[in-house]
Number of protein chains: 2
Amino acid sequence: LRLHINGTFKQRYLMADKHWKQPGGPVLFYTGNEGDITWFCNNTGFMWEIAEELGAMLVFAEHRYYGESLPFGPDSYRGSKHLNYLTSEQALADFAVLIQDLKSTLPGAQHSPVIAVGGSYGGMLSAWFRMKYPNIVVGALASSAPIWQFPGMVPCGDFYKIVTQDFARSGYNCDANIRKSWKAIENVSSTAAGLQWMTEEFSLCTPLKNKNDAFGFKNWLQETWVNLAMVDYPYEANFLQPLPRWPIQVVCKYLAFDSTVSDYQLLRGVSQAAKVYYNYTGSSSCLNTSQTATGSLGFLGWYYQACTEMVMPMCTDGVHDMFEPEEWNFQAFSDECNIIFGVRPRADWAGTVYGGKDITSHSNIIFSNGGLDPWSAGGVTYNITDSLVSIMIPDGAHHLDLRYSNDHDPPSVRAARALEVKYFREWIKQAKKSSTS
Amino acid sequence: LRLHINGTFKQRYLMADKHWKQPGGPVLFYTGNEGDITWFCNNTGFMWEIAEELGAMLVFAEHRYYGESLPFGPDSYRGSKHLNYLTSEQALADFAVLIQDLKSTLPGAQHSPVIAVGGSYGGMLSAWFRMKYPNIVVGALASSAPIWQFPGMVPCGDFYKIVTQDFARSGYNCDANIRKSWKAIENVSSTAAGLQWMTEEFSLCTPLKNKNDAFGFKNWLQETWVNLAMVDYPYEANFLQPLPRWPIQVVCKYLAFDSTVSDYQLLRGVSQAAKVYYNYTGSSSCLNTSQTATGSLGFLGWYYQACTEMVMPMCTDGVHDMFEPEEWNFQAFSDECNIIFGVRPRADWAGTVYGGKDITSHSNIIFSNGGLDPWSAGGVTYNITDSLVSIMIPDGAHHLDLRYSNDHDPPSVRAARALEVKYFREWIKQAKKSSTS
């Protein structure tokens, strides 16, 4: 191990102090999630847009083991011996130490109230950061943060139900035809000719050769529909992939078949739909079924986190959702983790350490959720107390509120952002008051 | 390392359910500190005495690396590689997991509200446990818990000032003569004959041979006076050592000299005073200067904790206290830690992780302190909010309130215990209300 006792590693963080009113102006601190922090920085326009009115400094802190913040450099992912230090608790501790360091070294920052901001896993970290370090952050905006997507807290099927609803409302028979497509893939992939046809029809980089490949292919499509539900934004955007405005509506145009559709017709439609997601810009010469989203996300690191702390049960029944039925199987997942990383997940730990549904004693956290976002299934979608509040954005997808404002933004997200700023101002005022008293 | 991935170790805990009203009766959970849990169990009579009226189960959990709860068995203390897992955060996590496990496996415990109780470092753990795991414990009694005895929070000299005050009020010229004794030791130990006289006078097991030994001897005496201040109980007791009622008064009878006292006379008095502490029962054939208290405390483990997280600045000036002047020297301490354990302490970490003086957002913690207890210097001795309350016991020493009641108990400690039980009842009521709503 290269990181010996008293060892340190370089953690990356980005700062913008153009609008910072020092001394004492607030700090908006993005609690980085599983990926390159520059990517989150560029996709969190909300912070950039409110910096001036709040006189705030912006800080974006990278999560250890992602982007360039690798504790053991290129060896960081070499087995559990090195991965052992990749935990959410350690990430929170990193953030706490970074903030304390900035406060003691940046002139004018000593009395600056700090607000945590994050989306998705970063939003979970923001909420948990406020819960565990209320001395460090005066409040937190946890956008699209599924802090309850853990064993025993929410039904495992809700996530895929929401994905399905998004497709159901975006075009004629859209969900029904996706539900039908799995059997069509089975049928067509049962012959060598069918496999070849599918390879060509979907312009796959790697040909489908057998039933096993067809299984992987279905998983890839399922993940594609999930990702579309996450980024169903009301304007052209490039988050996980470059996509048109309301991409699911565009996708569904290719899936508006009647019940008489043939397997081949249906799969041609599915192929066109998939290409909306994978080739909107027209620059892909073939589709790569081993990747479904931007390379800025740290897939392997997140997988390890899921295999230790971030155990998120998911299931489908094919009735309330448009996917093939699959139960949540903790044991199978644990075995998989053991094979890949040599570790086994602790199903109950996240609930124990972060409080699960029993978080009433905390304060100053906004949980914002989009109604279109499947992750809202594990989110806090109602007010818990006066200071643990939920903001719903019915026509919003995954952390839409954190993105740059756009002419096509629905009124709900505009209202959400205004309310978020209002809470920020209250927390800042509270902090100033208690520091002078 | 014997504890490999997915490895576990046996943690000891003691349970008493004689008075437990199940289902749903409360649990009083002692957050074990740096020592054998049976010893803390036997010295926390308060919990035993209130179990019946509260219908409570008692649990005493041993802190990892102490008593029999050794993660690596006999190798647990073999270098920082093994000691690496000895942290207060890990101890809190152990407690949380133990409670969740008891709740899910003990019939009738599922909805039992749990209250953390602890004294000294165990009290710090109780307070921090409530701060970090409010989902696990509904409240905490932190008795004589110096949660502010960390860098930058309280003056480093207050601890020894209180020790000095205890001696000053317990007998004529008592503090003045101890202040004088250091110079007398210097003088007498400057000759071989003097060293031999001191060895005989103090009945030392190991003879003093040189100036260096005299230095260690002074440290041992200083620790003796500190320990006496901690256990200055109003009745005969055996905590750190078997001692008479109000032991400092007994000690001071041997130190009531006028200013004309000679060095030899003075040191004879000091010797008699020390023997009150080390040989009250008359069973010691000689005094061992390498030990000052019960072997039930894990000295080495605590030293390691001090060398990592538990950095507690102390200093003396010889004016406001009766000791030789010594500044707090973090660098020297850090160097010592590096030599002994190969680790260096993090001066600011305890403040960052446990909130330091900024703990207002937490709730349901009682901080009780004794006015005679030097550790009250680092304790919370005023109400912070309505539910972060201080209980002062002016004539109490170290966590007197946690001990069995005694006919000689001053009214202040009786009142403190009654108030503590009153808070316990409120927390239990709150918990029942919120679990049914």
Side-chain angles (χ1 to χ4, degrees), chain A residues 1 4-6 79-81 83-84 87 89-90 92-101 103-104 128 130-139 152 308 334 337-338 341-346 348-349 351-364 385 387 427 430-431 434-435 437, chain B residues 1 4-6 79-81 83-84 87 89-90 92-101 103-104 128 130-139 152 308 334 337-338 341-346 348-349 351-364 384-385 387 430-431 434-435 437:
Chain A
L1 290 167
H4 48 80
I5 289 146
N6 285 326
S80 61
K81 202 171 162 185
L83 280 164
N84 196 26
T87 69
E89 294 96 323
Q90 289 282 10
L92 297 181
D94 291 340
F95 297 151
V97 169
L98 172 56
I99 290 171
Q100 294 293 66
D101 187 65
K103 284 195 157 191
S104 65
W128 295 338
R130 170 63 189 169
M131 294 180 197
K132 295 295 186 182
Y133 294 86
N135 52 314
I136 309 280
V137 286
V138 301
T308 47
S334 175
C337 291
N338 194 34
F341 296 111
V343 298
R344 288 188 182 277
R346 298 176 75 183
D348 298 325
W349 175 242
T352 298
V353 68
Y354 296 123
K357 304 203 84 161
D358 183 7
I359 55 174
T360 45
S361 65
H362 302 289
S363 61
N364 292 6
T385 65
S387 79
W427 298 339
Q430 272 176 22
S434 73
S435 78
S437 72
Chain B
L1 290 169
H4 48 80
I5 289 148
N6 285 327
S80 61
K81 201 171 161 185
L83 280 165
N84 197 26
T87 68
E89 295 95 325
Q90 290 281 13
L92 297 180
D94 291 340
F95 298 151
V97 169
L98 172 57
I99 290 171
Q100 295 294 66
D101 187 66
K103 283 194 156 191
S104 66
W128 295 337
R130 169 64 189 170
M131 294 181 198
K132 296 295 186 182
Y133 295 87
N135 52 314
I136 309 280
V137 286
V138 301
T308 48
S334 175
C337 291
N338 194 35
F341 295 112
V343 299
R344 288 188 181 277
R346 298 175 75 184
D348 298 325
W349 174 244
T352 298
V353 68
Y354 297 123
K357 304 204 81 162
D358 184 6
I359 55 173
T360 45
S361 65
H362 301 288
S363 61
N364 292 7
I384 294 180
T385 65
S387 79
Q430 271 175 24
S434 74
S435 76
S437 74

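We use all heavy atoms of the structure for the numbers below, so side chains are in, but hydrogens, waters and symmetry mates are not. Letters A, B, ... mirror the listed sequences (proteins, then strands); counts begin at 1.
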request  = Just give me the residue among B:Asp358, B:Asp348, B:Ile99, B:Asn84 that pairs up with chain A most often, heavy atom to heavy atom, under 4.5 Å.
outcome  = B:Asp358
query = For the candidates B:Ser361, B:Gly356, B:Gly351, B:Ser363, which exhibits the highest count of non-hydrogen atom pairs separated by less than 4.5 Å from chain A?
reply = B:Ser361
inquiry  = Shorter than 4.5 Å, heavy atoms on both sides: which option in A:Ile136, A:Ile359, A:Val353 has the most such pairs with chain B?
reply    = A:Val353
message = Between B:Lys132, B:Glu89, B:Gln100, who has the most heavy-atom pairs with chain A when the cutoff is under 4.5 Å?
response = B:Lys132
key: A:Asn135 side-chain N/O to B:Thr352 backbone N/O, donor-acceptor pair under 3.5 Å   = yes
